[in-house]
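Step one of this worksheet: look at the structure below.
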Amino acid sequence: MKEKEGDDKRIYYMFTLTPFKNIKIESFELKNEYYQILENGKRNNKVWLIGERTDTAQDNGIQLFKWLQTHTDIEAYYVIDQQSKDFKRIKHLQNVVIFGSKPHYEIAAKANVLISTHDLENILPYKTARGFWGYENTIRIFLQHGVLGRKNVEYHKKHYDLPFHLFDVTSKSEKYEIVVKQLGYQPEDVAVTGLPRFDNLPLVPNKKVKKLLIMPTWRDWLNSDYAFKDSEYMQQYLDLINDERLATLLDRYDVEVNFYPHYRAQEFFKYHLSNVTGRIQYIELGEKTVQELLIEHDLLITDYSSISFDFSYMNKPVIFFHFDVERFFRKGILRPVEETFIGKIAYNKNELIDNIERAIKSNDITQNTDISGLFSYVDHKNSERVYKAILSKIDEL
């Protein structure tokens, strides 16, 4: 790391090595006024800074933040980008801080407990590295943004100079088989708490399918407009949405269908779905939160997304569309398919529509599957368990 002083600011240059052994060069500027705030800050274990991605407030971060404000005396702050659509949803709440603002620096200077669903650089106004205003002495909590068990993740402990002190999971299997055995964390640094966002999920589902949600995840190899429009991924979902047999089925049973692609695929699909008509409605990013959509719908069609776990938590049925399963898991899978894909699996469009038809015609769609291997708890006390786990970690450190 190198530092350069300007007239009214300081510029920092960082050279780091990525997990794939590539050299990464970064820089950030800091006004002298903000530099002084960070220099004079005094950290406090009762001040907690919380966030998700810089532009979201839909996940475990915002749920834990709200719970802390209601049930504890912790001085909790939630940080978010002012340009985010989610900012409008939460700006009325007390202690919501705009990313990069003067208050953000003031809170970052005193918060000794840092909590995020993603890497902590999403909630701090400076780089998360040793030597930056006592960052190495902070207490670092990883809330997660899903249940682990499918696609390989980048949160291996060995990839961090300063790893998380606490890693929250939903089951003993996730703890020992994945986070301890595969990601390299010690058992005492992994807490079986459940995800805070589960606290909002109703636990008694409807008996009939009246609303169906199609929600595919992203493909990391689709890195351009050209790659997307010529992809099997796009074609498979366009074929499904425009299928006449599916349209007839939806009309006959008066079923509403909403299509909500992954946030990275939204613009691509929006362009190619401009001529889609009929019962299938396209939901744009920001219209509703993901959790609102999951709660409102009775049947979920996805491929590999971890949002299926939320559906299973609500005892609702999921149908998986695995037309490209080998390519998607070409870099490995964390747990066997049968352990985490709770529901029917279709490998082509016709199989998928067959399964949709069976679910719609069923007299009782309640999921009758043992999910104890995925969830150690199915209740509304997840935030409480996370809070207690953090307090225990603070006492330990």
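In what follows, every heavy atom counts, from backbone to side chain, and hydrogens, waters and symmetry copies are set aside.
- Other residues, nucleotides and ligands contribute at most 12 non-hydrogen atoms within 6.0 Å of the NZ atom of Lys181.
- A salt bridge links Arg53 with Asp55: the distance from a Lys NZ or Arg NE/NH1/NH2 to an Asp or Glu carboxylate oxygen falls below 4.0 Å.
- A salt bridge does not link Asp324 to Arg330: none of the charged side-chain nitrogens sits closer than 4.0 Å to a carboxylate oxygen.
- Side-chain N/O atoms of Glu177 and Ser173 include no donor and acceptor closer than 3.5 Å.
- Salt bridge absent: Lys175 and Asp168 never bring a charged side-chain N and a carboxylate O closer than 4.0 Å.
- A distance of 5.0 Å separates OH of Tyr387 from CD1 of Ile74, quoted to the nearest 0.5 Å.
- The existence of a salt bridge linking Glu287 and Lys85 is excluded, since no basic side-chain nitrogen approaches an acidic carboxylate oxygen closer than 4.0 Å.
- Atom CD of Glu351 sits about 12.0 Å away from atom NE2 of His322, to the nearest 0.5 Å.
- Note on Asp59 versus Arg197: salt bridge recorded, some NZ/NE/NH1/NH2 to OD/OE distance being below 4.0 Å.
- A salt bridge links Glu396 and Lys393; the closest N-O separation between the charged side-chain nitrogens and carboxylate oxygens is under 4.0 Å.
- A salt bridge links Lys127 with Glu26: the distance from a Lys NZ or Arg NE/NH1/NH2 to an Asp or Glu carboxylate oxygen falls below 4.0 Å.
- Side chain to side chain, Asn258 and His297 meet the donor-acceptor criterion of an N or O pair below 3.5 Å.
- Screening Tyr176, Tyr160, Phe167 for a ring-ring contact (aromatic ring centres under 6.0 Å, His included) involving Tyr185 leaves a single residue, Phe167.
- For Asp379, the salt bridge (Lys or Arg N to Asp or Glu O under 4.0 Å) criterion is met by Arg385, not counting sequence neighbours.
- With rounding to the nearest 0.5 Å, the separation of CG in Leu68 from CD1 in Ile390 is 7.0 Å.
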ring-ring contact (aromatic ring centres under 6.0 Å, His included) between Phe329 and Tyr304, intermediate numbers included: CA-CA 10 Å; Phe329 290 118; Tyr304 316 104; 5.4 Å; yes
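- None of Leu93, Ile50, Asp199 except one satisfies the side-chain contact (heavy atoms from CB on, under 4.5 Å) rule with Lys66; the exception is Leu93.
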Verdict with reasoning, Phe259 to Phe269, per ring-ring contact (aromatic ring centres under 6.0 Å, His included): CA-CA 10 Å; Phe259 180 61; Phe269 271 119; 5.1 Å; yes
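- A ring-ring contact (aromatic ring centres under 6.0 Å, His included) with Phe321 is found for one member of Tyr233, Tyr347, Tyr237 and no other, namely Tyr237.
- For residues 42-51, the side-chain hydrogen bond (donor to acceptor under 3.5 Å, both in side chains) pairs, not counting sequence neighbours, are Arg43-Tyr126, Asn45-Asn112, Lys46-Asp73.
- Under 4.0 Å is where a charged nitrogen must lie from a carboxylate oxygen, and between Glu75 and Lys110 at least one such pair does.
- Ion pairing between Asp310 and Lys316 fails under the 4.0 Å rule for side-chain N and carboxylate O.
- Looking at Lys31 and Asp8, no side-chain N of the basic residue comes within less than 4.0 Å of a carboxylate O on the acidic one, giving no salt bridge.
- Salt bridge status for Glu136 with Arg130: absent, with no side-chain N to carboxylate O gap under 4.0 Å.
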